[in-house]
Amino acid sequence: QKYIIQTPSTMATIESTAAAAPAIPAAVSEESSSPSRKRSAESPASPPMTLAAAKKALSALKIPSRPKSASEYVRFKAALLKDAKARDDKDTKDNITKIAKEAWKKVQYLPAPSPDELDTDTNDAEDDLQRYLRLKGVMRKEQQEIQAKFDAEAKAYSTAYVTAASSLLQWCLIEVTEDNQQPLLEACKLVSSKSVSSFDFRAHGVDDSPLNNALRETRDLLAEYKKLKSERALVTKLQNATEEELMLHVKEHIRLLAQGAELNKIKKTKEIEDERQRQKDERELARADGIQDDITRALKKQMKYGSLTNKHSSTRISYTKGGISDKVFAKAFGVPVGTKKATIEGSEVGENWLRYGASLKCTTVNVKLVGDELVAQTSFYMSK
């Protein structure tokens, strides 16, 4: 590629064979260099709301507050205190914590009255247990009502927010020009100020794809404008640069190209090394699949009648295997990485049958990892 750069004092011809994008733009296209030219709108021609209505609705939108989180016991205690005040029960009011704990123990696992069966008013004729169950039902009904109220508010908010925010951004995208980005930037601030990151619009039955599309288009367009501005600044700088400044720019460009090539080489080398390590880890972990079988087979072979020191007692046997890593041990025994101990049920080893109905069995196998050596130990005995 050849770039002709003219300065007030001289003209320099710079040849570059780089395949990468040029660091010295020769020119910027007529369309992109015209700051007053409007973008071609990809948004729908008619957003759901007018620009003024969308801005007004979004500005007035209130974000619903989530219900305060509290355990059932805390809510039950509050209901008990409220009931005590209504009945002017001084003892319960003065000892609310103690009485609430005792009452909750009595009704925690008992079924509360359903909302249809529930009598929310206090009743002097009911005994303590009936009152506690009634208050448990009252507490749950109130919590359901609070949650239902929030869900309704959240759905209304989600519908209004997505419609107004997407409409506002779509109108601003239609009207935006490179030299007049301010309305779009202000719209972004307003949309952001009314957003709640933890809200899942789709969970409230609202399709947020129009808003996501508008946000993505806004981000891409602003990035494009920023890139064009940088390119023009570079062209202006080079057009007014001295011959010495141009040569310094070329040297820097060549250095960056070489640096980019070196980084790509390092990245490629790392990818190859990572793949080799992944394959190595897979091969190593594959060893874990047969470790328990190796242990049980080896121990069972050692369970011989002739090896019993006393037919009325047990005899210790063991098995060792080297080259076992923490990861292999963890996979072999289904324990967290770093765990050094595990067990195998004696029944997994099996029995060696003797004549006359007797057999040799073993106790639970204790397995531990010492360094990279696996040690399995158990005792076997004669069973009739």
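The first residue of the sequence shown is numbered 1, and numbering continues consecutively from there. Only this structure's heavy atoms are used, side chains among them; waters, hydrogens and symmetry mates stay out.
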Salt bridge (Lys or Arg N to Asp or Glu O under 4.0 Å) between Arg87 and Asp89, worked out
CA-CA 5 Å; Arg87 294 185 299 106; Asp89 182 349; 3.1 Å; yes

Partner set under side-chain contact (heavy atoms from CB on, under 4.5 Å) for [X], not counting sequence neighbours:
{"X": "Ala70", "result": "Val74, Arg75"}
{"X": "Ala152", "result": "none"}
{"X": "Thr218", "result": "Leu169, Leu173, Leu184, Cys188, Leu222"}
{"X": "Ser347", "result": "Glu345"}

Would you mind reporting whether Thr269 and Ile266 have side-chain heavy atoms less than 4.5 Å apart?
no

Less than 4.5 Å apart, side chain to side chain, heavy atoms only: is that true for Lys85 and Leu81?
yes

Hydrophobic cluster membership, with links at side-chain heavy-atom distances under 4.5 Å among I/L/V/M/F/W/Y: are [X] and [Y] in one?
{"X": "Trp171", "Y": "Met49", "answer": "no"}
{"X": "Ile324", "Y": "Val337", "answer": "no"}
{"X": "Leu129", "Y": "Val138", "answer": "no"}
{"X": "Val375", "Y": "Ile344", "answer": "no"}
{"X": "Ile146", "Y": "Met139", "answer": "no"}

[X] [atom1] to [Y] [atom2] distance, which is reported to the nearest 0.5 Å:
{"X": "Lys55", "Y": "Thr50", "atom1": "NZ", "atom2": "OG1", "result": "10.5 Å"}
{"X": "Lys237", "Y": "Glu245", "atom1": "NZ", "atom2": "CD", "result": "7.5 Å"}
{"X": "Gln130", "Y": "Arg134", "atom1": "CD", "atom2": "CZ", "result": "10.0 Å"}
{"X": "Leu168", "Y": "Lys56", "atom1": "CG", "atom2": "NZ", "result": "15.0 Å"}
{"X": "Met382", "Y": "Met303", "atom1": "CE", "atom2": "CE", "result": "12.5 Å"}

If you link ILVMFWY side chains whenever their heavy atoms are less than 4.5 Å apart, which other residues fall into the same cluster as Leu263? By chain and number, please.
none

Can I get a per-line list of side-chain donor-acceptor pairs under 3.5 Å for residues 360-370, giving both atom names and the distance, sequence neighbours left out?
from   : atom 1 : to     : atom 2 : distance (Å)
Thr363 : OG1    : Thr378 : OG1    : 3.1
Thr363 : OG1    : Ser379 : N      : 3.3
Thr363 : OG1    : Ser379 : O      : 3.3

Begin from the C-alpha positions of Asp220 and Arg216 and carry the test salt bridge (Lys or Arg N to Asp or Glu O under 4.0 Å) through to its verdict.
CA-CA 6 Å; Asp220 293 346; Arg216 181 170 54 252; 5.4 Å; no

Would the distance check show the side chain of [X] and the main-chain N or O of [Y] forming a donor-acceptor pair, the cut-off being under 3.5 Å?
{"X": "Gln302", "Y": "Ser318", "answer": "yes"}
{"X": "Asn264", "Y": "Gly260", "answer": "yes"}
{"X": "Ser192", "Y": "Lys189", "answer": "no"}
{"X": "Ser230", "Y": "Lys226", "answer": "yes"}

Under 3.5 Å, which donor-acceptor pairs do the side chains of residues 153-165 form with other protein atoms, sequence neighbours left out?
from   : atom 1 : to     : atom 2 : distance (Å)
Glu153 : OE2    : Lys149 : NZ     : 2.7
Tyr157 : OH     : Lys194 : O      : 2.6
Ser158 : OG     : Ala154 : O      : 2.7
Thr159 : OG1    : Lys155 : O      : 2.9
Tyr161 : OH     : Val191 : O      : 2.9
Thr163 : OG1    : Thr159 : O      : 2.8

Please enumerate all residues that pass salt bridge (Lys or Arg N to Asp or Glu O under 4.0 Å) together with Asp91, with sequence neighbours excluded.
none

Looking at Leu110 and Lys106, what are the two nearest heavy atoms and their distance?
CD1-O, 3.2 Å

Would you tell me whether Lys77 and Thr97 have side-chain atoms, one donor and one acceptor, within less than 3.5 Å of each other?
yes

Taking only distance into account, with no hydrogens and no angle test, what donor-acceptor pairs under 3.5 Å do side-chain atoms of residues 293-300 form with protein atoms, sequence neighbours excluded?
from   : atom 1 : to     : atom 2 : distance (Å)
Asp294 : OD1    : Arg297 : NH2    : 2.8
Thr296 : OG1    : Gln292 : O      : 3.1
Thr296 : OG1    : Asp293 : O      : 3.1

Counting only heavy atoms not in Lys340 (residues, nucleotides, ligands), do more than 12 fall under 6.0 Å from its NZ?
yes

More than 12 foreign heavy atoms under 6.0 Å from CZ of Phe150: is that the case here?
yes

Could you pull out all residues at least two apart from Phe76 that satisfy ring pair (Phe, Tyr, Trp, His ring centres under 6.0 Å)?
Trp104

Aromatic plane relationship, Phe329 with Phe333 - under 30° parallel, 30 to 60° tilted, over 60° perpendicular
tilted

Set of side chain to side chain donor-acceptor pair (under 3.5 Å) partners for Glu351, sequence neighbours left out:
Ser359

Please list, one pair per line, the donor and acceptor atoms closer than 3.5 Å that link side chains of residues 279-291 to other protein atoms, with sequence neighbours excluded.
from   : atom 1 : to     : atom 2 : distance (Å)
Gln279 : NE2    : Glu275 : OE2    : 3.0
Asp281 : OD1    : Gln277 : NE2    : 2.9
Glu282 : OE2    : Arg278 : NH1    : 2.4
Glu284 : OE2    : Ser325 : OG     : 2.7
Arg287 : NH1    : Gly323 : O      : 2.7

